[in-house]
Amino acid sequence: MSGIYFYNTETNRKEEFVSIEPDHVRMYTCGPTVYDFAHIGNYRAYLFEDVLRRYLKYRGYKVTHVMNLTDVEDKIIRKSQEQNCTIFDVTKTYEAAFFEDLDSLCIERAEHYPKATDHVPEMIDLIKKLQEKGMTYEKDGSIYYRVNMFKDYGRLSGNRPETVQAGARIDADEYEKEEATDFVLWKSRKEGEHFWQTELGEGRPGWHIECSAMAMKLLGSHFDIHCGGEDNIFPHHENEIAQSEGATGERYVNYWLHCRHLLVDGEKMSKSKGNFYTLRDLMNKGFHPMAIRFFIVASHYRTPVNLTMEGLHAAHASWSRIMDFHGRLKEIMQNDAEGRRSDNLDEERTQCLQRFKEHMDDDLDAPRAVAAVFDFIREANKIMDEGPIAKIQAQEILEALSQIDSVLGVIVEEEFILDEEIERLIQERHEARKNKEFAKADAIRDQLTEQGIILEDTRDGVRWKRR
RNA sequence: GGCGGCGUAGCCAAGUGGUAAGGCAGAGGACUGCAAAUCCUUUAUCCCCCGGUUCGAAUCCGGGCGCCGCCUCCA
């Protein structure tokens, strides 16, 4: 059987994935800077990574996944100064919000969420290693990485140091460095800023160093996969390679996977354009988090996704189709009647699972994998329309669906109870229908629809679901 | 200026040499008291444009046009 293929940013090719340790994948993904609520574009990256880790598990790997939390950085410091509080007061709020959002989106927890502020000693060690190798220089108490000392610089992004300088914007950093491409490893203390007292002096770490230090601490100096949004390719990940490999002399990461940005109405999200959405904003507009998840998860991670309200509505409809199918099977399981077994259905189920795997193996081609699921749903519905199927078969399909959903993560098993008032209305409508008082029955149905409860009359009685 | 990516129906989106998946929306039909759900039929003579290679290209090559991202701390 063929293996899994991923598009590696470093080689610009799809490559067969081979883990360093058999059956175990070690991956690092760049997490949020907890200075504000994350927006839906940020979650695209986390959702892509979630599907990646879920799929690796689906394919039998044990996954050790590390996602960092950047909790010391310019914007955090600025906010703490404005609000006259510590950086920790700022970060704890948004960190909590971040985890709440992960739960809303059914994003699985990574194995580790290291924070930068907890790993200053590790960063210091790494910087010292680079110093010993003569790859750094100091200016006014700050320490810089000398990019020219790393001959492989530019391997990932294709930006060679000499071309970066050509047309790049003028360095806006307040710190002094020799070459435009050099970057700061350690920032000397500034008045009013949070700082650490260390053997490198008083100051705080630069941004890139935290990922190298924490990744290598938790995953080793050479691991399998590193992910992030496309904007991380340069300079962040390029610099991570330079730091890590510069210090260890070993290869840092085998596969670099990056997702494209999520656009809003064709444009990059920004506060000034007013097209900036947090997950909470979209939920307040009435979108179910699973519809939002489906919208993103069913797109290909290497294609820019354009978020529109129309698109979200379509995603909700598609997701409902899956949920309806799931509900239909659950209902069969609960019915007393026993149906017949359909060989065709077995065939369709097997084929669906096979196609799902085949497409996900091909660089996580979710659009095609999802199409296979819809094909199956249509065929299965057709067979079930012809007559009841055997319970055991419904059970098998539910199991297949659950396997697929262990990757997509969009099926919610909510066993919620209707409150008495609604229960009473449904009963009242039932009576009205029996007496052919259709106007009254329809009025009740409309009323419940407004409350988000949809009624469907079937041969076996009324069925209800949430919008 | 440098690096990378994209351009397929009303919308979203697959397809990288063999004659256009899938979802949403729309239209018609079956079912229904009416709906909903479900099923059936239907919706691109054609894949941004122009050349070229080929028996054959949306798919490869060359040249345009348009759009997006990155180029120092934004996923």
Side-chain angles (χ1 to χ4, degrees), chain A residues 9 12 29-33 38-49 70 73-75 154 157-160 162-169 171-173 175 177 180-184 206-208 227-236 238-239 258-263 266-270 294-295 298-300 302-308 310-322 324-325 327-328 355 359 365-375 377-378 381-386 433 436 438-439 441-442 445-446 449 454-459 462-463 465:
Chain A
T9 306
N12 284 126
T29 63
C30 284
T33 299
H39 62 252
I40 192 66
N42 299 121
Y43 288 114
R44 181 188 197 187
Y46 309 141
L47 282 167
F48 144 61
E49 290 150 2
T70 297
E73 173 269 356
D74 294 355
K75 288 191 289 291
S157 65
N159 288 330
R160 312 309 305 198
E162 48 298 353
T163 60
V164 168
Q165 278 166 274
R169 36 171 119 141
D171 178 24
D173 205 322
Y175 298 84
K177 52 190 182 181
T181 43
D182 290 348
F183 56 93
V184 67
W207 173 45
H208 311 295
C227 305
E230 56 174 328
D231 55 338
N232 277 158
I233 298 169
F234 189 87
H236 184 52
E238 194 70 66
N239 289 171
H258 295 93
C259 67
R260 296 298 311 267
H261 279 152
L262 180 140
L263 306 175
E267 291 177 316
K268 187 176 174 176
M269 239 186 283
S270 73
F294 184 84
F295 178 79
S299 69
H300 193 104
R302 280 195 302 114
T303 304
V305 170
N306 191 19
L307 182 96
T308 59
E310 193 188 0
L312 280 175
H313 280 117
H316 185 277
S318 305
W319 170 71
S320 294
R321 191 168 158 78
I322 297 173
D324 285 344
F325 180 64
R328 189 172 184 179
R355 285 175 62 200
H359 293 130
D365 194 345
R368 296 189 80 191
V370 167
V373 175
F374 281 111
D375 280 338
I377 289 176
R378 193 183 52 251
N381 274 326
K382 202 187 299 186
I383 291 166
M384 289 192 286
D385 280 355
E386 284 160 12
R433 285 189 74 221
K436 304 226 184 291
F438 294 122
D442 290 352
R445 185 171 61 196
D446 290 346
T449 302
I454 293 172
L455 296 187
E456 299 174 355
D457 298 313
T458 72
R459 250 181 306 210
V462 68
R463 173 202 293 154
K465 67 176 182 184

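Throughout, a chain's letter reflects where its sequence line sits, starting with A, and its residues are numbered from 1. A quick note: this is a predicted structure, and the numbers were derived from the prediction, not measured.
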Sugar-phosphate only, base, or nothing, as touched by A/Arg378 at under 4.0 Å among non-hydrogen atoms: sugar-phosphate
Mate of B/rG33 where both pairing distances stay under 3.5 Å, Watson-Crick or G-U: none
Between B/rA21 and B/rC73 - P atom distance, rounded Å: 46 Å
Candidate nucleotides B/rC70, B/rG33, B/rA21, ranked by approach to the side chain of A/Asp375 - the nearest: B/rA21
Minimum heavy-atom distance between A/Pro304 and A/Arg260, given as atom pair plus value: N-CB, 3.7 Å
Beyond-backbone contact of A/Val305 with A/Arg44, side-chain heavy atoms, under 4.5 angstrom: yes
A/Phe294 CZ to B/rC12 C1', straight-line distance once rounded to whole Å: 11 Å
Distance in angstrom units between A/Leu263 CG and B/rC70 C1', rounded: 14 Å
Exam field: side chain A/Asp442 to backbone A/Ala439, donor-acceptor pair closer than 3.5 Å: no
B/rC60 - base-pair partner by Watson-Crick or wobble geometry, distances under 3.5 Å: B/rG52
Per A/Arg260 side chain, nearest of listed nucleotides B/rC39, B/rG69, B/rC24: B/rG69
Under-4.0 Å side-chain N/O to phosphate OP1/OP2 contact, A/Lys382 with B/rU38: no
Whole-angstrom distance between B/rG26 and B/rC11, as gauged at atom C1': 11 Å
Sugar-phosphate only, base, or nothing, as touched by A/Asn42 at under 4.0 Å among non-hydrogen atoms: base
Donor-acceptor pair (no angle test) under 3.5 Å: A/Arg433 side chain, B/rG33 base: yes
Sugar-phosphate only, base, or nothing, as touched by A/Asp442 at under 4.0 Å among non-hydrogen atoms: base
Between P of B/rA36 and CG of A/Asp457, the distance in whole Å: 12 Å
Distance, P atom - from B/rU42 to B/rG4, rounded to whole angstrom: 44 Å
Sugar-phosphate only, base, or nothing, as touched by A/His236 at under 4.0 Å among non-hydrogen atoms: nothing
Donor-acceptor pair (no angle test) under 3.5 Å: A/Arg445 side chain, B/rA35 base: yes
A/Glu238 versus A/Gly158, closest heavy-atom pair with distance: OE1-N, 4.3 Å
Gap in Å between the two P atoms, one belonging to B/rC6 and one to B/rA13, rounded: 13 Å
B/rG26 - base-pair partner by Watson-Crick or wobble geometry, distances under 3.5 Å: B/rU42
Side-chain N,O (A/Asn159) to OP1/OP2 (B/rG2) below 4.0 Å: no
A/Phe374 aromatic ring stacked with six-membered ring of B/rG22, 5.5 Å and 30°: no
Sugar-phosphate only, base, or nothing, as touched by A/Gly41 at under 4.0 Å among non-hydrogen atoms: base
Same-atom distance (P) from B/rU43 to B/rC3, integer angstrom: 45 Å
Shortest side-chain distance from A/Phe438, nucleotide among B/rG15, B/rU38, B/rG33: B/rG33
Phosphate contact (B/rC39 OP1 or OP2) by A/Arg321 side-chain N/O below 4.0 Å: yes
Residue closer to the 5' end of RNA chain B, A/Val370 versus A/Asp365 (nearest nucleotide): A/Asp365
Step-by-step side chain to side chain contact (heavy atoms under 4.5 Å, CB included) determination, A/Arg378 to A/Arg321: CA-CA 10 Å; A/Arg378 193 183 52 251; A/Arg321 191 168 158 78; 3.9 Å; yes
Watson-Crick or G-U wobble mate for B/rC6, both contacts under 3.5 Å: B/rG66
Side chain to side chain contact (heavy atoms under 4.5 Å, CB included) evaluation trace for A/Asp385 with A/Lys382: CA-CA 5 Å; A/Asp385 280 355; A/Lys382 202 187 299 186; 5.7 Å; no
C1'-based separation of B/rG15 from B/rA57 [nearest Å]: 13 Å
Sugar-phosphate, base or nothing in reach of A/Asp182, heavy atoms under 4.0 Å: base
Touch class at under 4.0 angstrom, heavy-atom based, for A/Thr303 against every strand present: sugar-phosphate
Spacing of the P atoms in B/rC50 and B/rA58 (rounded, Å): 13 Å
Among B/rG69, B/rC39, B/rG22, the one nearest A/Ala371 by side-chain distance: B/rG22
Distance-only side-chain donor-acceptor flag, A/Glu73 / A/Thr33, under 3.5 Å: no
Same-atom distance (P) from B/rC47 to B/rG10, integer angstrom: 13 Å
